[in-house]
Each structure stands twice: as structure tokens, then as C-alpha cells.
Amino acid sequence: VVEKKLTLALAGNPNAGKTTLFNALTGARQSVGNYPGVTVEKREGYIQVDGQRINVVDLPGIYSLTAYSQEELVARDFLVNERPHVVIDILDANSLDRNLYLAVQFMELGIPLVLALNMMDEVRKSGKRIDTPKLSHLLGIPIVETIARIGEGKQELIQQAIAHVQETQGRWKPLDLSYGPDIDAALMDMIELITSHHFLTDQYPPRWVALKYMEGDFQIKMLGQKAGSIGQELSGIVEKLEEHCRVTLDTSPEAIIADYRYGFIASVTLQGVITVTGHRERIAVSDKIDRVLTHQIIGPSLMIAVLYLMFLATFTIGEIPMGWMESFFAWAGDMIGRLIPDGLVRSIIVDGVIAGVGGVLGFVPLIMIMFLGIAFLEDSGYMARMAYMMDRVLRIFGLHGCSVMPFIVAGGIPGGCAVPGIMGTRTLRSPKEKLATLLVTPFMPCGAKVPVFLLLGAAFFDNAATVLFWITIGAWVSALLVAWVLRNTIIRGEATPFVMELPPYRLPTLKGLCIHTWERAWQYVKKAGTVILAISVLIWGAMTFPLLPREKVEEFDAQREYIQTQMAQAQTPGLKQKHAEEIARVDGLQAEASLKNSLAGRLGKSLEPLTRLAGFDWRTNIALIGGFAAKEVIVSTLGTAYSLGGAEGDPSIGLGVRLQNDPQWNPLTAISMIIFVMLYAPCFVTVVAMSKESSWQWAVFAVISTTILAFAASVTVYQGGRLFYPLP
Ligand code: GDP
Ligand code: MG
């Protein structure tokens with residue numbers, strides 16, 4: 001049996017000690033030539049290990065794997081064309097951060113990699129200490145300390161390299177870094193294009209090709225041009241992204257990518273990998289800020305303060321424009337109600353369209369302020385630090401620091417959306433941690449659930465902001481507990497070390513913040529304008545048809561007529577007033593009878609015996625069923641149900657007041673509903689996103705299990721509450 005010869009490539013920054021190590025390894029068994037067509041030097045040699053011959057290639061010194069220079073191009077072509085079995089990246093350990101930058105790019109390419117921390121003699125002399133086992137554990141890569149000049153560590157290095165070849169079996173496993181929301185979104189589009197066109201996919205991971213495009217790699221761009229339309233489409237996406245980054249962050253994609261790579265390194269070295277015992281060396285501004293902001297005690301306290309402040313600001317400022325929006329829609333409903341004669345057309349416009357869409361748009365000012373806060377946290381780089389600090393806590397529950405981003409984006413600070421949150425779980429590198437995160441992310445109070453909470457909070461408790469604060473805490477606790485249960489039962493497995501991207505701190509620009517806020521808000525409005533409008537009308541239809549039978553309508557008409565004749569004969573204003581109230585009562589009864597008779601009413605009614613246990617009547621049931629389609633629909637459906645069927649038919653009375661006056665509703669019902677809405681099945685779009693990120697089986701599992709959990713929790717709280725606070 002002839003074994004395939006092992007090839008081992010030495011790579012690293014210039015002056016890291018490659019050639020010295022190469023000489024130490026190969027001795028005299030070497031040859032020097034040039035790479036074909038270029039004047040870049042090519043050194044090759046071999047070593048003998050246990051009778052096996054191993055080829056060693058000394059690659060030219062490089063700083064990056066992007067083709068900026070001839071050296072870089074040669075080194076990269078060698079890696080993808082010759083596919084050496086393993087790369088030994090030699091790092092000058094004196095400046096570990098800077099040297100790790102190349103290592104990270106090898107990791108992104110996915111090629112089997114072993115690191116040599118060279119110049120350890122100088123490091124030790126300088127009084128710096130490097131925790132190599134920890135670094136190796138965090139990066140998930142074998143690392144050996146070397147002093148190339150005296151050959152120290154070279155035996156172990158070769159052994160580790162051979163062991164790594166056997167372990168990886170020639171498989172390339174690319175590391176996916178996150179580069180922040182702007183770049184990640186464009187990357188996703190590009191990856192889809194690259195994969196479907198099979199553009200260079202036999203040589204590089206698709207994500208890597210997309211990144212090189214963003215970094216302006218001339219070789220890859222040239223290949224794209226030759227490949228035709230795919231090149232133009234990719235360039236188009238990159239140009240748009242460049243413009244976007246320039247306008248929002250005043251920088252280029254290339255710079256952002258570098259920032260996040262350094263951020264990834266920072267999150268490794270921040271964890272006590274390097275200790276300086278001797279004199280203090282100069283440290284970057286971001287590192288200085290990090291010493292305070294991620295301090296063991298100051299850090300978490302500050303984080304809670306920041307979140308709480310954001311919360312207060314949102315509500316104190318948001319209340320004012322929200323009031324305007326509410327009165328505007330009430331006024332619009334009233335006006336149009338007067339212009340159009342009574343009947344189905346008026347009903348569809350006032351009760352369907354205006355009540356539905358108005359219920360959703362009313363919250364836009366508030367949600368925009370929340371988005372502004374989130375944009376600030378993201379653009380400034382603080383969000384990533386929150387992940388870093390949260391890792392210690394999340395770890396206890398079997399999650400990872402990177403889980404915090406999906407949570408926050410999905411509404412961990414109320415007002416997000418679960419769909420980008422679910423997509424954000426891609427930054428989690430362990431499949432089990434990803435799955436656990438994915439399954440509990442939808443518990444967070446997303447922008448569509450917030451209106452439900454605010455409505456009930458304002459109607460039944462003193463302070464809606466405080467209520468939402470406790471709901472947010474409750475959502476986090478639920479997510480963590482459920483994750484803990486999952487990680488100890490069906491998705492058991494080991495935890496992975498915390499390594500993620502900590503980009504440098506930057507002062508966000510006002511323009512950038514506004515654009516990022518607007519992008520999110522616009523998505524929300526668009527959804528209200530299309531999907532929710534359609535669903536509102538659909539639900540209106542289900543709540544209107546079949547119409548009440550003619551005899552029933554005539555019965556109500558007769559009652560009204562009878563009261564009217566009495567009213568005409570009434571002597572005193574007091575008596576007249578009483579009759580007018582009677583008529584309103586009959587109107588209400590008729591509306592309620594029609595709603596009960598409708599399709600939605602019947603469905604809600606048939607579920608009522610069960611949902612009564614949690615305190616939900618048939619109207620609430622209709623709204624909750626609508627919430628499966630989109631959570632925004634809950635408030636709009638409640639609005640429609642209570643304006644169609646409420647005894648207090650006056651449309652100028654807010655929904656909150658109508659609920660307060662309804663005998664079915666009390667604080668306990670409100671709490672029960674809040675819990676149910678917090679936990680039950682994610683909306684349809686989220687379920688689709690979940691199935692894409694995991695599998696449809698897990699998505700179905702999520703829908704069923706969360707609804708059961710939600711119902712159980714609501715029933716427990718409602719029934720328990722009734723024991724302590726007996727209600728009339
Ligand atoms: P290359 O550019 O990566 O090929 O680096 P070289 O092998 O040419 O080494 C650059 C310089 O670093 C030379 O002067 C080496 O003697 C020195 N050097 C290499 N390894 C070590 C080491 O482990 N310790 C110390 N102190 N110097 C080293
Ligand atoms: Mg050299």
C-alpha cells in the first residue's frame with residue numbers, strides 16, 4: 001500500500017520566523033526556486049518521520065489572504081490548488097493580536113491549521129505570559145510554543161500537525177464570523193447567488209468568495225467578470241453595500257470586515273490569554289474602554305443601567321406621539337363612519353381596515369424609539385460587549401454568549417423581531433447551542449407582541465412601562481429555563497468556549513442611526529400595509545359572515561322600533577335619555593349576536609370550554625388564533641371583535657377602556673393572556689425561518705410544544721390566582 005505523501009505548508013507574517021523554522025525542520029534537504037511566472041521565492045524540502053516522508057513548503061510571508069500583493073496571491077493559489085494536508089501558521093508571539101489576524105483568515109478558509117507561537121524566548125523575557133492551552137481551547141486549534149532559532153518545539157509541532165491531519169481527514173471546516181447586520185445581510189444574498197451558480201465552489205467556501213468580493217480581491221473579481229452575469233450581480237450587491245456603509249457608518253465594508261476580525265481576536269485575548277507582568281505596554285483605545293465597560297462588577301451594573309434607561313426613555317418620550325396616533329385613527333374611523341352609510345362597506349372600512357391597521361401603526365413611534373436604541377447599541381459596538389458579559393450567565397443554562405444577539409434582536413430589548421433573531425443564530429458555531437437558542441428565541445417580546453402587552457398593561461395596571469419591564473424579565477427567565485431543560489434532555493451536549501466578534505467602539509453617526517432605525521421601522525410598516533391589511537380584512541370577513549338570519553335582524557329591528565315609539569311619547573328628558581340607552585343596548589346585543597353567529601365566533605365559541613380554564617372568552621380566542629398568522633393581528637383583532645361586538649359600541653372609546661369595562665376582563669385575565677402571548681407558538685414567518693435554520697420537524701415541535709407550555713402556564717396562573725383572589 002502506497003500512502004499519499006503528506007504536504008505541510010508553513011505560512012505566517014513576514015519576519016515571524018518561517019524560514020528559520022523551515023531550516024530547523026528540513027536541515028539540508030531543501031531546494032529553492034521561484035513560483036512559476038513570478039519572482040516570488042519558493043522553498044521546498046522534506047522531513048522523515050517514522051520512515052514517512054513529509055513535504056514541507058515555505059510559503060511567502062503574508063498579512064492577509066486577500067489578493068492585494070503577489071505574495072498573497074501565490075500563497076493562496078498554492079493553498080487552494082495544491083490543497084496541502086495542513087497549514088502551520090507561524091506567529092510572532094510578541095504581537096499576538098496582529099499575528100492572529102492571518103490565523104483567523106485561515107480559519108475562515110477552513111483549511112486544517114496548527115499554530116506555532118514563535119519567539120517565545122523574547123516573550124518570556126519581556127515578562128508577558130501567554131496561556132497557550134486556553135488560547136488553543138478558545139480557538140479550537142492545536143497550538144505549540146516554539147523558539148525557531150534553537151529548534152525548540154519543532155518535534156512537538158510536527159507531531160501535532162500529523163495528528164491534526166489524521167483528525168481532520170482532509171476536510172475543510174470554515175469558520176463563519178459575523179460581520180454585523182449590514183454585511184451579514186449582503187453576505188447572505190451573495191452566498192445564495194454563488195451557491196446557485198456554482199461560482200468557484202469547487203475551490204472555496206461560498207461565504208469566503210463573497211467576503212473576498214467585499215474586500216475588493218482583484219483575482220476573484222476578475223474570475224467573476226469572466227463568469228458573466230454572476231459577476232455583475234455580485235458587484236451590484238457590493239456597490240450597494242459600499243454606498244450603504246458609507247452613508248450609515250462613514251466607512252467601507254472592507255474596514256468593517258477587518259474590525260470584526262480584530263474583534264474576534266479581541267474576544268479571545270480579552271479572556272486572560274495574555275498577562276503582562278512587567279512594564280505596561282501601550283494598549284488600544286478600545287481595550288482601555290473595555291477594561292471599564294466589561295469590568296467584572298462595573299460592566300454588568302452598567303449594562304443593566306443602560307437597558308433600563310433605554311426603557312424609560314422609550315416610554316416617556318414614546319407616549320406622546322403614540323397618543324397622537326391613537327386619536328388620529330379614532331378620528332379617521334369616526335369621520336369615515338359618518339361619510340359612508342351604514343352597511344357592509346362601512347363595516348369593512350371602519351371595523352376591518354382602520355381598526356386593524358390603525359392598531360398596528362399606532363405603535364410605530366414607540367417602536368421607532370426602541371429601534372433607535374438598538375441601532376445605537378449595535379453601531380457603537382456595545383451590543384457585542386453585552387454578549388461577552390452575558391456569556392457567563394448564559395453558560396449556566398447551556399447557551400452561549402452569542403445567543404444574546406438573537407435574543408436581543410428578537411425583542412430581548414422589547415421591539416425586535418424574531419425572524420432576524422432566528423437568522424442571527426447562525427453566529428452560533430455549535431449546532432446544539434444553536435438549536436436551543438433557536439427554539440427559545442421567539443419567547444422574546446417582539447415588536448408585534450409589545451402592543452398587546454402595552455394595551456393590557458395600560459388597561460389593567462398603573463404603569464404600562466413597568467409592566468413591560470417585568471414581562472421582559474419574564475421572557476428572559478422563560479427562555480433561559482426552557483433552554484436549560486432542553487439542554488439537559490433532548491439536546492444534551494457539551495458547551496463551546498466563548499469566542500465572538502468584538503468590534504472596536506465607535507461613536508455612531510446621527511445619520512447612520514436614523515437610517516438603521518428607519519430601515520427596521522419601514523419593514524414593520526410595510527408588513528402592516530400588506531400582510532396585516534390582508535389578514536385584517538380576512539379576519540373581518542370571518543367575523544362578519546355568515547350574516548345573522550333575517551328573522552333575527554327583524555327581531556332586533558322590532559325591538560328598536562318599539563323603544564323609539566316609547567321615546568317619542570316620553571315626557572321628561574330623563575326618560576328620553578333612558579330610552580336612548582335602551583336602543584344602544586339593543587345595538588350592542590345585535591352586534592354580539594352577529595359576531596357569535598360568524599365563522600370566527602363559532603370557532604372561538606367551540607374552543608371556549610377549554611380556554612375558559614385560562615380565562616379566555618371566545619373573542620380572545622379569535623384574536624389568539626389570528627396571532628398564529630402574525631402577532632400584530634392580536635391587537636387589531638381584539639379591536640375588531642370589541643368594536644363589532646362590544647356592548648359599548650361607541651368607536652371613540654379606546655380598546656383599553658372597552659376591555660376595562662367588560663365583565664370578562666380583570667387584572668388576572670390580563671396576566672393570563674400576557675403569559676400566553678409571551679410563550680405560545682411563534683408567528684408563521686418565524687416558523688418558516690426556524691425550519692430553514694434547523695428542520696421542519698423542529699419547527700413543528702416548536703409550534704406544538706410552546707403552545708402547550710403557554711396554555712399550561714396560563715391555566716396555572718389563572719386558576720392559582722383565583723384561589724387567592726376570588727373574583728365575582
Ligand atoms: P520569515 O520572514 O518568517 O521567514 O522570518 P525569518 O525566519 O527570516 O526570521 C526573521 C528573524 O527572526 C530572523 O532574524 C531570525 O533569526 C529571528 N527569529 C526567528 N525565530 C526566532 C525565535 O524563536 N526567537 C528569536 N529571538 N528570534 C527568532
Ligand atoms: Mg522567509
Side-chain angles (χ1 to χ4, degrees), residues 7-35 38-47 54-79 82 84 86-106 109 111 113-132 135-136 141-161 273-274 276-279 281:
T7 305
L8 190 158
L10 295 184
N13 289 1
N15 293 318
K18 272 189 324 310
T19 306
T20 312
L21 185 71
F22 177 82
N23 290 338
L25 286 172
T26 60
R29 299 173 293 262
Q30 49 174 278
S31 63
V32 182
N34 273 348
Y35 282 93
V38 289
T39 55
V40 178
E41 191 177 80
K42 185 181 190 186
R43 283 166 170 271
E44 274 188 287
Y46 65 91
I47 46 177
I54 299 175
N55 269 355
V56 185
V57 180
D58 182 21
L59 295 177
I62 50 175
Y63 292 104
S64 98
L65 281 181
T66 305
Y68 295 120
S69 71
Q70 233 172 28
E71 280 78 11
E72 282 152 350
L73 193 58
V74 162
R76 195 174 78 193
D77 279 346
F78 179 83
L79 295 179
E82 310 287 324
V86 60
V87 171
I88 295 183
D89 182 7
I90 294 138
L91 282 68
D92 177 353
N94 287 305
S95 41
L96 193 56
D97 287 47
R98 198 158 46 76
N99 277 254
L100 275 171
Y101 190 72
L102 181 65
V104 168
Q105 295 181 65
F106 281 122
L109 189 58
I111 193 163
L113 183 69
V114 174
L115 300 186
L117 293 192
N118 196 31
M119 314 256 185
M120 282 309 288
D121 52 336
E122 287 179 8
V123 171
R124 286 169 198 150
K125 234 185 290 165
S126 74
K128 233 193 306 192
R129 259 206 44 216
I130 297 178
D131 189 342
T132 306
L135 183 62
S136 169
I141 285 176
I143 305 183
V144 179
E145 297 183 2
T146 61
I147 304 171
R149 224 188 226 163
I150 58 168
E152 192 185 297
K154 70 173 182 183
Q155 301 296 349
E156 203 201 332
L157 188 61
I158 295 299
Q159 272 163 16
Q160 292 272 6
V273 168
I274 306 177
V276 185
T277 47
H279 62 99
E281 60 179 336

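Counting convention: from 1, in listed order, for ligands and their atoms alike. Quantities reported herein were computed from a predicted structural model and do not represent experimental measurements.
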Test item, P14 contacting ligand 1 (heavy atom, 4.0 angstrom): yes
Any N or O of G17 closer than 3.5 Å to N or O of ligand 1: yes
Validation row: I90, T20 side chains within 4.5 angstrom (heavy atoms): no
Backbone or side-chain N or O of A148 under 3.5 Å from ligand 1 N or O: yes
Proximity of T20 to ligand 1 by residue part, where a heavy atom lies under 4.0 Å: both
Proximal ligand 1 atoms for T19, defined as those under 4.0 Å from one of its heavy atoms: 1 (P), 4 (O), 7 (O)
Minimal non-hydrogen separation, S136 against P142, with atom names: OG-CA, 4.1 Å
ring-ring contact (aromatic ring centres under 6.0 Å, His included) partners of Y63, counting only residues at least two apart: none
Per-atom contacts of ligand 1 with E122, taking only distances under 4.0 Å to non-hydrogen atoms: 25 (C), 26 (N)
For A67, all residues meeting side chain to side chain contact (heavy atoms under 4.5 Å, CB included), sequence neighbours excluded: L73, R76, D217, F218, Q219
Side-chain heavy-atom pair L117, L96 within 4.5 angstrom cut-off: yes
Contact summary for E145 and T132, nearest pair of heavy atoms: OE2-OG1, 2.5 Å
Contact check, A16 vs ligand 1, heavy-atom distance below 4.0 Å: yes
